[in-house]
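This one's a predicted model, so the numbers in the text were calculated from it and none came from an experiment. Chain naming here is simple, since letters A, B, ... match the order of the sequence lines and numbering starts at 1 in each.
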Amino acid sequence: MKGMNDIFSDEILTRHYVNSTAANVFRRYGFSEVQTPILEEIDIFIRSAGKGSDIVTKEMYTFNNDDGKIICARPEGTAGVIRALIQNKLISNETESKVFYIGSMFRKERPQRGRFREFCQIGAEFVGSDTSTVDIEFLAMIYDWLSNLPLKSSVKLLINDLGEPEERKKYLQSFKKQFRPVIDEFCDFCKKRFNKNTLRLLDCKNITCKRMTQFAPNILDFLNSKSIKRFNEVQEGLKNLKIPFKVSKTLVRGLDYYTKTVFEFVSESGLGSQNAIAGGGRYDGLSHALGGPDVPAIGMAAGLERILLLLEKEKLNLDSNTPDLAIIYADEPGRKKAFELLFKLRNRGLYIDFEHKIKSVKSQMRRANRLKTKEVLIIGTREIENDEVQIKSMNSGQIRLEKLSSI
RNA sequence: GUGGAUGUAGCUCAGUUGGUUAGAGCACCAGGUUGUGGCCCUGGGGGUCGAGGGUUCAAGCCCCUUCAUUCACCCCA
């Protein structure tokens, strides 16, 4: 299927590696893993990502359920996780919930580099507090994780503050007021999204649009003193931890639920235009919007395949599964005995390889070499009669003898 | 949804202005004396040239259609 991939051994190893790196780091910060269904009622995404968002309007795989409800394959992780926390009564103002998840998401888009219809997100959610230290620790955690990966191409952290809903509303009004009279000068895309996805004009790649929006009002000017103080605290905290970052006033996120701190970790090379490897932000209103208690939260999601693309160039030296021993037969009696030995030795927990087709010793040796087998055991009539088998190290070529009866 | 590129062996690709049995490298298989890998040598298998139609005496090459992949826009992880 378009944009959906079959994944085999080598890539699986790398995926496990990246996933476990994330899990290990997240656990050190007190996060525990959560798994939620791939299918959800469409409603939670309409209420979270936003009715007008591209994800909801044209990118979801939807189905009619028997009970008349519309369900869909989750296009992102946060909404489902928050829904699960609410339903299981794990969210309250008194406690905090820290969870991470790893799993497939689905969006019906045209595939391109770093973008697939089924893709894996590694995400984390910190629910229950909105002090600035939460944001700092959360960003530090992601930075910690990414730093643990051998990503040569530098990954940069961009942050911005979208303010509280009222502040954002005022900002939007001012923005629209300024550009509505001259909207005809923008590109066609910008004209279209001016009303429903206004802030997107800020990161349009069109040169004319860019020239126009450089005179746009700054969101930071619309924050009240409390919000500004908070944003400054976050920046100070990052500086103290020596985490490099850049404030990007054009950083706007595509999902409606974000408030206050938003961020993106972008790669400067190796990925085409899909250069965000992790993104997220604070979503203080989401729990309430989904019918739960009004509790603030911050979350992030990283694109596993995008990280994999960056890792492609690196030599990872992951332990691949190579046989401890191959049992090689020299003739028919040897083959019978070899097949017996196969199970005996496997029961000791070893990975044993065996050629089922009738092949020459030379051919079996070649196979052992190809599979990077550590040792081979050679058995034929001679060995059975003398009660002595050859065990050859494929690395050194040395052969030692062992009693067949003692194996 | 829009635009561009590409589809020839398992993989990476050649294939001259349309002209006989479509090639290479790697991989794979078998040999190189008697039951022993890697290097080397020799030989071998494997392709309805993405699919369907058309032009032509003749199509891998030209035209149309379609599918797939890919890159970019859009959007986002």
Side-chain angles (χ1 to χ4, degrees), chain A residues 1-5 49-50 52-60 74-78 101-124 142 187-190 192-193 196-197 200 203-206 251-255 258 263-267 271-281 299-310 326 328-335 355 357 359-383 389-399:
Chain A
M1 286 184 76
K2 191 193 280 290
M4 309 211 178
N5 302 308
S53 68
D54 278 24
I55 288 181
V56 168
T57 54
K58 55 191 189 197
E59 292 175 2
M60 287 203 298
R74 59 187 183 192
E76 60 101 29
T78 300
Y101 58 87
I102 298 172
S104 282
M105 306 297 157
F106 300 83
R107 290 182 203 170
K108 206 170 2 181
E109 307 176 89
R110 283 282 281 271
Q112 69 185 72
R113 185 170 180 79
R115 191 175 77 183
F116 307 96
R117 290 185 162 192
E118 176 176 5
F119 58 102
C120 183
Q121 278 193 339
I122 300 171
I142 305 164
C187 73
D188 290 347
F189 282 119
C190 284
K192 256 188 236 165
R193 61 190 164 192
K196 67 169 193 185
N197 210 347
R200 276 276 153 205
D203 64 3
C204 184
K205 283 159 188 129
N206 185 294
L251 175 62
V252 284
R253 316 242 66 239
L255 279 53
Y258 287 111
F263 59 87
E264 237 169 50
F265 286 83
V266 297
S267 162
L271 299 173
S273 47
Q274 314 300 318
N275 67 345
I277 66 171
M300 78 94 187
L304 176 58
E305 288 81 3
R306 291 186 187 173
I307 293 172
L308 256 37
L309 282 172
L310 295 179
I328 289 180
Y329 54 85
D331 48 26
E332 195 46 38
R335 188 164 176 272
E355 170 67 82
K357 290 187 188 128
K359 295 269 185 167
S360 67
V361 172
K362 180 175 188 159
S363 166
Q364 293 176 75
M365 288 298 293
R366 278 210 256 251
R367 168 188 171 120
N369 189 58
R370 175 161 31 92
L371 296 177
K372 297 193 170 71
T373 309
K374 296 175 191 81
E375 287 185 322
V376 298
L377 181 155
I378 298 165
I379 184 165
T381 308
R382 215 156 64 205
E383 282 76 9
V389 292
Q390 294 181 40
I391 295 176
K392 180 173 186 175
S393 157
M394 294 299 281
N395 220 346
S396 65
Q398 300 261 315
I399 294 174

Rounded distance in Å - [atom1] ([X]) to [atom2] ([N]):
X	N	atom1	atom2	value
L251(A)	A77(B)	CG	P	11 Å
F106(A)	A77(B)	CZ	P	16 Å
E76(A)	C76(B)	CD	P	12 Å
K2(A)	U66(B)	NZ	C1'	13 Å
R117(A)	A77(B)	CZ	P	18 Å
Q274(A)	C71(B)	CD	C1'	11 Å
K58(A)	C75(B)	NZ	P	8 Å
D54(A)	C73(B)	CG	P	15 Å

Under 3.5 Å for both donor-acceptor distances, Watson-Crick or wobble: does [N] have a partner, and if so which one?
N	answer
C40(B)	G32(B)
A22(B)	none
C61(B)	none
G7(B)	C67(B)
U56(B)	none
C75(B)	none

Problem - Side-chain ion pair, D54(A) and K58(A), N-O less than 4.0 Å - result: yes
Exercise for the section: Go through the structure and list residues passing salt bridge (charged side-chain N to carboxylate O under 4.0 Å, His left out) with E118(A), not counting sequence neighbours. Expected result: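 E118(A) satisfies salt bridge (charged side-chain N to carboxylate O under 4.0 Å, His left out) with no residue once adjacent residues are dropped.
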Completion exercise
Of the candidates G1(B), C71(B), A30(B), the side chain of S363(A) sits closest to A30(B)
Handout entry: Toward the 5' end of RNA chain B, by each residue's nearest nucleotide, N5(A) or I55(A)
Key =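 Its nearest nucleotide being more 5', the pick is N5(A).
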Problem - 5' priority, RNA chain B, between R110(A) and F189(A) [closest heavy atom] - result: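 The answer here is R110(A).
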Problem - Verdict with supporting geometry, M394(A) and K372(A), side-chain contact (heavy atoms from CB on, under 4.5 Å) - result: CA-CA 8 Å; M394(A) 294 299 281; K372(A) 297 193 170 71; over 6 Å; no
Report yes if at least one side-chain N or O of [X] is closer than 4.0 Å to OP1 or OP2 of [N]; otherwise report no.
X	N	value
Q112(A)	C71(B)	no
K359(A)	A30(B)	yes
R115(A)	C71(B)	no

How far, in whole Å, is [M] from [N] if one measures between their [atom1] atoms?
N	M	atom1	answer
G37(B)	G31(B)	C1'	15 Å
C62(B)	G45(B)	P	31 Å
U48(B)	U56(B)	P	28 Å
A72(B)	A30(B)	C1'	49 Å
U12(B)	A27(B)	P	15 Å
G15(B)	G7(B)	P	10 Å
G25(B)	G4(B)	C1'	31 Å
G23(B)	G47(B)	C1'	11 Å

Check: [Y] main-chain N/O paired with [X] side-chain donor or acceptor under 3.5 Å:
X	Y	result
Q121(A)	E76(A)	no
R306(A)	G114(A)	yes
T373(A)	N369(A)	no
R117(A)	E109(A)	yes
E264(A)	V266(A)	no
R110(A)	G3(A)	no

Looking for any heavy atom pair under 4.0 Å, which part of the strands does [X] touch: base, sugar-phosphate only, or nothing?
X	value
F265(A)	nothing
A278(A)	sugar-phosphate
G114(A)	base
R306(A)	base
K192(A)	nothing
E59(A)	sugar-phosphate

Problem - Single hit among E305(A), Q274(A), R107(A) for side chain to side chain contact (heavy atoms under 4.5 Å, CB included) with R115(A) - result: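 Going through the options one by one, the only one that passes is Q274(A).
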Practice task
Sugar-phosphate atoms are those with a prime plus P, OP1 and OP2; base atoms are the rest. Using that split, label each nucleotide of nucleotides 35-40 of chain B B, S or - for protein heavy atoms under 4.0 Å, 5' to 3'.
Solution key: BBBB--
